[in-house]
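Below is one structure; the comments refer to it alone.
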Amino acid sequence: MSSVLSASDSEQEIVSRNPATGEAIGVVRLHSSSEVTSAVEAARDAFATWKESTFSERARIVMSAREVIISEMDDIAALITNEVGKPMAEAISTEIVPALDLMQYFARSAKDMLKPKKIDIGLTALMGRTSRIIYRPLGVVGIIPAWNYPFTIPIGEAAMALMAGNTVVIKPSELTPLVGMRIAEIFRKAGLPENVLQVITGDGSTGAAMVEAKPDKIMFTGSVATGKKVAQAAAKNLVPYVLELGGKDPMVVFADANLENAADAAVWGAFCNSGQTCASVERLYVEESIADEFTAMIVERTKRLRQGLGADESTDIGSMISENQLAIVESHVNSFRQEGAEILTGGRRNPAFTGSFFEPTVITGAVNSMRGMREETFGPTLPICRFNTEDEAVALANDTEFGLCASVWSSDLHKARRVAERIEAGTVTINEVMYTHGISQTPWGGVKNSGVGRTHGDEGLKELTSAQHIHINHFGFIPDVWWLPYSPKALKAFKALAKYFASGSLIKASLVAPTFLKRLFELRKKRK
Ligand code: NAD
């Protein structure tokens, strides 16, 4: 295991290990549930002041945190590499770059995105009413991330939550606590007031304690199984949540696609971070007429990949996070073999290393009934399956419990769009794979078992607010026709409301005027 628990006196600790070497790289506290409750309470106290801060004060701190990241970039990237095993190149390209971009985007845009919004209330406005929505901060946002992107996901969600006026408690994965603690350090250096953002290290029990501590929102990223537990526990106290869960993303390649680009994308999409990305390409469907040629292109590219220590600048594929994760991949690959698929390259633990390295693996002859095509593998495997028609491609892509992302590859954009719109997924990219979590302006999230709710974009920012409706009656001196007491005239007025006013048509609504006036006079008279 890359991290182990040990007891020292009454306190428990987590030893964080480099999964590529097994070397211990740090020790952190495993916080108790009472400490988690105290952290959430401290965050609630801090909220009283932080919610009153202006958008420019919040933006100044988020932008300062960016500066800290930029000045410490090499060191942060090295820490991510040491704790996750991914290449330094990916620590920068897929963790630091998107975090920096998200932070500047929400620092600059949150004020405008959350400005009060006037609502068109239709014919009700004729009665002298107006409605506005204001976006209030929720309170304490509890962030429970996975280990695979231990920097960009929690720091991005934290930056959005802070910009919306919330305070934050992050419970990092037990496999990547040091990266989590670094996030707290970055915001401390940026001048964030005490307890506005806290990082509380621990394992699943600490995450469960966070949910029990009743924060005002849970932003959870992890497996479907844990996501369901979080949802059940949160439901007890009606704590709202966003669940960003697993995927089994399909890549559909038509014969008219740019095959060079599609092959490069498939290899990056399947093997980046050793395949441990929620939006990894986990199923490749290729049109029969080009299947042999395309498969050969992928195998040739895969064989060229250099596997090694993440710290080595020319490493393409690093280690996996843990022996547990590697064992799942091994078991899926063995299932593929037993169920009749063929391993074209890879297919085994890399014997050149002692750490958790699995060779990038290309599999052909895969069909959807195979275990490795149904369960999330979360490792460096690329199973390839063939299709003949557009309808078949859509049916194969949708034949899964997951619905996070998908991609469609074709030079016919009309066809690609048509297919994309038929695929059940939170995001479908055309002639592109996987990277849109890095576009902070666009919503991210899944359908089916891939999750609930959204992060990023307008939808994601608003998840971190409560939409409060402020309604004004500008004719406050006139009673409403629907108030008590009721009478035959009231009933007549209500029937007119049903028949004419509720039609939404101004012309029809004008027909309510006589019954309305009679009813108003009646109400005024009854007041005397
Ligand atoms: P996991 O479910 O094992 O753990 C996720 C987090 O939940 C960890 O911090 C863990 O300590 C915590 N946790 C465990 N039990 C808990 C409980 N009962 N209550 C509250 N918290 C608890 O997942 P993982 O192995 O860390 O991550 C891998 C999974 O994450 C994959 O399925 C991957 O697809 C998914 N993921 C999804 C996205 C996305 O955006 N959809 C992004 C990254 C990862």
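Numbering of ligands and ligand atoms starts at 1, following listing order.
Taking atom 17 (C) of ligand 1 as the reference point, the nearest protein heavy-atom neighbour is G204 O, 3.7 Å. What sits closest to atom 43 (C) of ligand 1 on the protein, heavy atoms only, is N148 OD1, 3.2 Å. The nearest protein atom to atom 35 (C) of ligand 1, hydrogens excluded, is given as G222 O, 3.3 Å; this is a heavy-atom distance. Closest to atom 28 (C) of ligand 1, if we only count protein heavy atoms, is F378 CE2, 3.7 Å. In terms of protein heavy atoms, atom 24 (P) of ligand 1 is closest to W147 NE1, 3.4 Å. In this structure, the protein non-hydrogen atom closest to atom 27 (O) of ligand 1 is A146 CB, 3.2 Å.
With a heavy-atom cut-off of 4.0 Å, E376 touches ligand 1 through its side chain alone. Residue-level proximity to ligand 1 for Y149 is absent, since no heavy atom of it falls below 4.0 angstrom. When non-hydrogen atoms are compared, ligand 1 lies under 4.0 Å from neither the backbone nor the side chain of T277.
Proximity annotation for atom 15 (N) of ligand 1: of N449, T226, N324, T226 comes nearest, heavy atoms only. Scanning V242, I218, T152, L245 for the heavy atom closest to atom 37 (C) of ligand 1 points to L245. Relative to atom 42 (C) of ligand 1, the option among G142, C278, G180, A225 with the closest non-hydrogen atom is C278. Within the set T221, L243, I144, the minimum heavy-atom distance to atom 5 (C) of ligand 1 is found for T221. Closest heavy-atom approach to atom 18 (N) of ligand 1 within the set C405, S223, A234, A208: this belongs to A208.
Ligand 1 places these atoms under 4.0 Å from at least one heavy atom of G207: 19 (N), 20 (C), 21 (N). Every atom of ligand 1 is numbered from 1 in the order shown, and the set under 4.0 Å from a heavy atom of L404 is 41 (N). Applying the 4.0 Å criterion to heavy atoms of W444 picks out, from ligand 1, the atoms 39 (C), 40 (O). Set against the non-hydrogen atoms of D203, the atoms of ligand 1 under 4.0 Å away are 11 (O). With ligand atoms numbered from 1 in the order given, ligand 1 contributes 2 (O), 5 (C), 6 (C), 7 (O) to contacts under 4.0 Å with heavy atoms of F220. Heavy-atom contacts of I153 reach the following atoms of ligand 1: 42 (C), 43 (C) (cutoff under 4.0 Å). Of all atoms in ligand 1, numbered sequentially from 1 with element shown, those under 4.0 Å from a heavy atom of E174 are 8 (C), 10 (C), 11 (O). For ligand 1 and V230, the ligand atoms under 4.0 Å from any heavy atom of the residue are 19 (N), 20 (C).
Using a distance-only test at 3.5 Å, with no hydrogens or angles considered, no donor-acceptor pair links the side chain of E424 to the main chain of K448. Here the side chain of T465 pairs a donor or acceptor atom with the backbone of K462 at under 3.5 angstrom. With hydrogens and angles ignored, the 3.5 Å screen pairs a side-chain donor or acceptor of E282 with a backbone N or O of F378. With hydrogens and angles ignored, the 3.5 Å screen pairs no side-chain donor or acceptor of T176 with any backbone N or O of V179.
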Let's go through K189 and E72 carefully: what are the C-alpha distance in whole Å and the side-chain angles of both, what is the deciding distance for salt bridge (Lys or Arg N to Asp or Glu O under 4.0 Å) to 0.1 Å, and is it a yes or a no?
CA-CA 11 Å; K189 287 183 180 166; E72 299 178 0; 2.6 Å; yes
Give the intermediate values and the outcome of salt bridge (Lys or Arg N to Asp or Glu O under 4.0 Å) for residues R374 and E401.
CA-CA 8 Å; R374 306 214 70 78; E401 67 177 87; over 6 Å; no
Let's go through R44 and E41 carefully: what are the C-alpha distance in whole Å and the side-chain angles of both, what is the deciding distance for salt bridge (Lys or Arg N to Asp or Glu O under 4.0 Å) to 0.1 Å, and is it a yes or a no?
CA-CA 5 Å; R44 187 150 286 126; E41 277 165 10; over 6 Å; no
Could you walk me through whether E463 and R454 pass salt bridge (Lys or Arg N to Asp or Glu O under 4.0 Å), step by step?
CA-CA 7 Å; E463 291 272 11; R454 292 293 179 267; over 6 Å; no
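Considering backbone and side-chain atoms alike, K229 places every N or O at 3.5 Å or more from each N or O of ligand 1. When only interatomic distances are considered, the shortest N/O to N/O separation between P145 and ligand 1 falls below 3.5 Å.
Ion pair K86/E90 not flagged as a salt bridge, since none of the NZ, NE, NH1 or NH2 atoms sits closer than 4.0 Å to an Asp/Glu carboxylate oxygen. Checked for salt-bridge contact, E375 and K248 miss the test: no charged N lies under 4.0 Å from a carboxylate O.
Using modelled atom types, one finds a donor on one side chain and an acceptor on the other under 3.5 Å when comparing T277 with Y149.
The local environment of CZ in R337 is crowded, with over 12 non-hydrogen atoms from other residues, nucleotides or ligands closer than 6.0 Å.
Interatomic distance, R386 CZ to L284 CG, rounded to the nearest 0.5 Å: 11.0 Å.
Centroid-to-centroid, the aromatic rings of W444 and H456 stay 6.0 Å apart or farther.
For the side chain to side chain donor-acceptor pair (under 3.5 Å) test with H332, the passing option among T361, T377, T381 is T377; the others fail.
There is a protein heavy atom less than 4.0 angstrom from atom 7 (O) of ligand 1.
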